[in-house]
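Inspection log for the structure reproduced underneath, given as structure tokens.
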Amino acid sequence: MHWYYVKDGEKAGPIADRDLPDFVTQGEITPETLVWNETMSDWMPYGKVPDTIAASQALATVDTGPKCSICGKGFGEADLIEFEGAKVCAGCKPDFIQQIKENAALTGVSVMRYAGFWCRFGAVFIDGIVMYVANLPIGIAFSLMMPMMQSGNSRPGAAFWLAFAVMYLFQLAIPALYMILMHGKYGATLGKKAMGIKVVMSDGSPISYGRATGRYFAYILSGLILYVGYIMAAFDDEKRALHDHICNTRVIYK
């Protein structure tokens, strides 16, 4: 069976029945396109053609499948290229790349702008001040307890060491809770908010609390190796530090 369809007001075709789904997948034929074959009495929109297995399969692909971020047409997953946070069909790729080269506003696409090394350094510096202030009362308490620990007259009792352990745990917990809760809820600490940046997944979606927890421990690892993990952000194409590589995250401008 052969199909004909209306394109730009003119009859086009014929198309073999086996090739019809490809035309629908590529957006050449949409559910609103008028079509006809020798079994039909009149032309009708493709989406309303009854008893056609190929039609229903192709229509499902257009309605529920992935779409090109530029032209909006439905395609199979294999027919789209993921580039700069967007999915683009082969036909739109040249225009898309040209828009990027010209630093133009991209049609229908929100491209991620990766935060640079110094911007991220500024956020870390601000967060360091925030956590220093939060830990200041505990630091003062430790300074008052030190003479008692060094005194040769009497040894501190169990209550003293219990209080010391609790304060030490609080000192460890404060930065962990700060980083995990802020990133999990807002995608940004106070430092990042001040610098206008946030943490997202590689596809631009928000990170979860679980991801924020893993990123915190990866963040510690970046510092343990002589801060090389942080310095990596200055040389990476997507400005990723080691903890971003480990957790598949990106730091972008809002």
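Note that this is a predicted model, so its numbers are computed, not measured.
- Of all the heavy atoms in W43 and Y4, the pair that sits closest is CZ3-O, 3.6 Å.
- Under the 4.5 Å side-chain heavy-atom criterion for ILVMFWY residues, no single connected hydrophobic cluster contains both I246 and V199.
- Between Y168 and F164, the angle of the ring planes stays under 30°, which puts this pair in the parallel group of the 30/60° scheme.
- If you chain together hydrophobic residues whose side chains sit under 4.5 Å apart, W161 and V166 fall into the same group.
- Using a 4.5 Å heavy-atom cutoff, the side chains of K239 and V251 are not in contact.
- Sorted by first and then second residue, the pairs that involve residues 126-135 and meet side-chain hydrogen bond (donor to acceptor under 3.5 Å, both in side chains), not counting sequence neighbours, are D127-Y178, D127-T189.
- To the nearest 0.5 angstrom, R120 atom CZ is 12.0 Å from Y114 atom OH.
- The side-chain heavy atoms of L242 and L221, taken from C-beta on, include a pair separated by under 4.5 Å.
- Between F121 and F125, the ring-plane angle classifies as parallel under the 30° and 60° cut-offs.
- Considering NE2 of H243 and OH of Y216, their distance stands at 12.0 Å, rounded to 0.5 Å.
- The structure places OH of Y230 at 4.5 Å from OH of Y219, a figure rounded to the nearest 0.5 Å.
- There is a side-chain donor-acceptor pair under 3.5 Å between T249 and R215.
- When all heavy atoms are compared, the tightest approach of I207 to M201 is CG2-SD, 3.7 Å.
- Hydrophobic clustering, with ILVMFWY side chains joined whenever heavy atoms are under 4.5 angstrom apart, keeps I129 apart from W118.
- Scanning for salt bridge (Lys or Arg N to Asp or Glu O under 4.0 Å) contacts around R240 gives D236, E238, with sequence neighbours left out.
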(request) Go through the steps for I252 and K198 under the test side chain to side chain contact (heavy atoms under 4.5 Å, CB included), then give the verdict. (result) CA-CA 6 Å; I252 64 172; K198 65 179 180 179; 4.0 Å; yes
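- Note that the CG atom of L190 and the CE atom of M131 stand 10.0 Å from one another [nearest 0.5 Å].
- Enclosure of atom CZ in F117 by more than 12 non-hydrogen atoms of other residues, nucleotides or ligands within 6.0 angstrom is indicated.
- Considering every non-hydrogen atom in both A233 and A241, the closest pair reads CB-N, 4.0 Å.
- The number of heavy-atom neighbours closer than 6.0 Å to OH of Y253, taken from other residues, nucleotides and ligands shown, is above 12.
- Taking the salt bridge (Lys or Arg N to Asp or Glu O under 4.0 Å) definition, one finds that K7 meets it with E28, sequence neighbours left out.
- Side-chain contact between M232 and H245 is present, with heavy atoms from C-beta onward closer than 4.5 Å.
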(message) Could you go through N248 and R211, starting from their C-alpha distance and side-chain angles, then the distance that decides it, and tell me whether this counts as side chain to side chain contact (heavy atoms under 4.5 Å, CB included)?
(response) CA-CA 9 Å; N248 193 29; R211 184 76 58 165; 4.3 Å; yes
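- I220 and V228 fall into different hydrophobic clusters, where Ile, Leu, Val, Met, Phe, Trp and Tyr are joined by side-chain heavy atoms under 4.5 Å apart, directly or via other members.
- Note on M179 and L224: same hydrophobic cluster, where clusters join Ile, Leu, Val, Met, Phe, Trp and Tyr whose side-chain heavy atoms are under 4.5 Å apart, directly or indirectly.
- Side-chain atoms of P45 and L34, non-hydrogen and from C-beta on, do get closer than 4.5 Å to each other.
- In this structure, L177 CG and L172 CG are separated by 11.0 Å, a value rounded to the nearest 0.5 Å.
- Between atom CZ of residue R113 and atom CD1 of residue I197 there is a gap of 11.5 Å, rounded to the nearest 0.5 Å.
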